[in-house]
Amino acid sequence: MKKIKITHILHCVGGVEVSLRLITKNINSDKYENIIVHGLKDTNTVFSDRNDQQLKSYKLPIYREIALLSDLKSIYSTYKIIKKERPDIIHAHSAKGGVIGKIAGMVLGIKTIYTPQAFSYLSSQNKTKRFLFLCIERLLANKSGLLLASSASEQQRAINEVNYKNTNTAIFPNSIDPIELIQPITINKTWPDEYICTVGRPSYQKNIEMMIKALHQVRHTNKIHLVIMGVGHHVGQLESVKNLIKKLELTSAVTLLDWTARTDVFNIISKSKFYLSTARYEGMPYAVIESLALSKPCVVTDCDGNRDLIRDGYNGYVVNQNDVEAFAEKVNTLLQDDQLCQAFAQNAQQSFNDHYNIKHNIKNLEAIYNEYS
């Protein structure tokens, strides 16, 4: 039986990289051949299939920001790779991968599946740039294939704002393997045993400043500690966060951790009271899914992805964006009610088992690949 050949195109960072690694490690390698096209400077870029066989990959000048000359080179180089490999499907991940993949696919007549993992225009604080990014997304919408959203919220945004036709969209929710905690924390633990945590680089998207302000209010009644993981790459607002921590006299109440091994991240989440997210936008955040898999309630802001994963009053709380007082109130509620926190924890585990286990969900992606090949 001939394998279905899929070429994946992406700027390999954050949740986009995690998503592709989970797909290639779980998809049936006897039926699907995966080829990876990714950025020159992407780290840890060896991809493997479920038999731990290294996948063929190409490195191109694919960067996060718009860089016209590099982007044109990437489109042309991708065109040559696609023409050589002749895949049955192009699966483009992230906004930059989407632009490159869609153009190459249209020129060569190959169907393209596009997974934004949060549309690029949501990332810009500049109204002009935001409008430009939205126009690019709209220009390429409904061209040559399928918008494969990572959440129902992202699908609705694609239809309502980016002008995708409903018939040109589908959902494959971000999903993960069940988590086995087989290793202790390998980094030097310097924070108290009682703590809450988050994973998120200090950036406009993650809105860590809101979390710090909420913590300041929480500590009027509860001296809980906050651990922030992911203070590494793409940290445009790190100094702003550090200055706010100092201004609010929270230096001893907050631990900032650089990028750490995923086993450390899992262990830190598992030993926390619960998980927080103050994101302004998401596709479908892996850290929240991981928290559910680890039976951790979550207090999150109401944005795409967060609202799909957390059912208010069932496995956590969903709070309006920028409502610092309401966020602090929900954090305090869980800190003060162990019985409620435990009930949410059980529901969190159930949510993961029912909806976000990739061992179950990968067959849905395989069915989509079969349909579009």
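- The residues D312 and R307 are annotated as not salt-bridged, no charged nitrogen and carboxylate oxygen being separated by less than 4.0 angstrom.
- For the residue pair Q217 and E325, no side-chain donor N or O sits within less than 3.5 Å of a side-chain acceptor on the partner.
- With hydrogens and angles left out, the side-chain atoms of N207 and T301 include no donor and acceptor closer than 3.5 Å.
- Scanning both residues, A326 and V319, for their nearest heavy atoms gives CB-CG1, 3.6 Å.
- D264 places a side-chain N or O within 3.5 Å of a backbone atom of T186 that can act as its donor or acceptor partner.
- The structure places OH of Y79 at 13.0 Å from CD1 of I75, a figure rounded to the nearest 0.5 Å.
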Pair H225-T255, side-chain hydrogen bond (donor to acceptor under 3.5 Å, both in side chains): steps then yes or no: CA-CA 8 Å; H225 193 89; T255 297; 2.7 Å; yes
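- Counting only N and O atoms by type, the side chains of D354 and Q350 include a donor and acceptor under 3.5 Å apart.
- Side-chain contact, R50 with N28: a donor N or O sits under 3.5 Å from an acceptor N or O.
- In terms of hydrophobic clustering, with Ile, Leu, Val, Met, Phe, Trp and Tyr side chains grouped at heavy-atom distances under 4.5 Å, Y314 and F352 are assigned to different clusters.
- Inspection of the T24 and N34 side chains reveals no N or O donor paired with an N or O acceptor under 3.5 Å.
- Taking OG1 of T263 as the reference point, atom CG of L181 lies at 9.5 Å (rounded to 0.5 Å).
- Looking only at distances, no side-chain donor or acceptor of S19 sits under 3.5 Å from a matching main-chain atom of G15.
- Side-chain contact check for N243 and E239: no donor-acceptor pair (N or O, by modelled atom type) lies under 3.5 Å.
- The closest donor-acceptor contact from the side chain of N306 to the backbone of D302 lies at 3.5 Å or more, if one exists at all.
- The CD1 atom of I289 sits 11.0 Å away from atom OH of Y275, with the distance rounded to the nearest 0.5 Å.
- Side-chain N or O atoms of Q321 include one that pairs as donor or acceptor with a backbone N or O of R280 at under 3.5 Å.
- A donor atom on one side chain and an acceptor atom on the other are found under 3.5 Å apart for E137 and Y114.
- In terms of hydrophobic clustering, with Ile, Leu, Val, Met, Phe, Trp and Tyr side chains grouped at heavy-atom distances under 4.5 Å, I224 and L244 are assigned to a common cluster.
- A donor-acceptor contact shorter than 3.5 Å links the side chain of N315 to the backbone of R311.
- Salt-bridge annotation for E161 and R138: absent, with no side-chain N of the basic residue lying under 4.0 Å from a carboxylate O of the acidic one.
- Judged purely by distance below 3.5 Å, without hydrogens or angles, the side chains of T7 and H91 never pair a donor atom with an acceptor atom.
- Panel note: side chain S175, backbone P173; a donor-acceptor pair is recorded below 3.5 Å.
- Minimum interatomic distance between A92 and G98 (heavy atoms only, all atoms of both residues): CB-CA, 3.6 Å.
- Between the side chains of S29 and N51, at least one donor N or O lies within less than 3.5 Å of an accepting N or O.
- Both tests pass for K330 against the ring of Y317: distance under 6.0 Å to the centre and angle within 45° of the axis.
- Electrostatic pairing of K31 and E366 does not count as a salt bridge here, judged by no charged N lying under 4.0 Å from a carboxylate O.
- Side chains of Q117 and N174: a donor on one and an acceptor on the other come within 3.5 Å.
- Side-chain contact between L309 and M284: present, with at least one pair of heavy atoms (C-beta onward) separated by less than 4.5 Å.
- Residues L292 and H355 form no side-chain contact, since every pair of their non-hydrogen atoms from C-beta on lies 4.5 Å or further apart.
- The backbone N or O of Y121 sits nowhere less than 3.5 Å from a side-chain atom of S123 that would complete a donor-acceptor pair.
- In this structure, K296 contributes its side chain and S272 its backbone to a donor-acceptor pair below 3.5 Å.
- Counted by atom type alone, Y281 and E154 present zero donor-acceptor pairs between their side chains at under 3.5 Å.
- Using a cutoff of 4.0 Å between basic side-chain nitrogens and carboxylate oxygens, D88 and K2 are scored as salt-bridged.
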Could you walk me through whether N361 and Y356 satisfy the side-chain hydrogen bond (donor to acceptor under 3.5 Å, both in side chains) test, starting with their C-alpha distance in whole Å, then the side-chain angles of each, then the deciding distance to 0.1 Å, before giving a yes or no? CA-CA 7 Å; N361 292 350; Y356 307 111; over 6 Å; no
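- Between the side chain of N26 and the main chain of L22, a donor-acceptor pair closer than 3.5 Å is present.
- Here the closest heavy-atom approach between residue W191 and residue K189 is recorded as O-NZ, 2.6 Å.
- Residues K223 and E194 are not paired through a salt bridge, judged by the lack of any N-O separation under 4.0 Å between the basic side chain and the carboxylate.
- Here K25 does not pair with D49 in a salt bridge; the nearest charged N to carboxylate O distance is not below 4.0 Å.
- When H8, H38, H11 are each tested for a ring pair (Phe, Tyr, Trp, His ring centres under 6.0 Å) with H93, only one passes: H8.
- In this structure, K206 contributes its side chain and A279 its backbone to no donor-acceptor pair below 3.5 Å.
- Counted by atom type alone, S295 and Q346 present zero donor-acceptor pairs between their side chains at under 3.5 Å.
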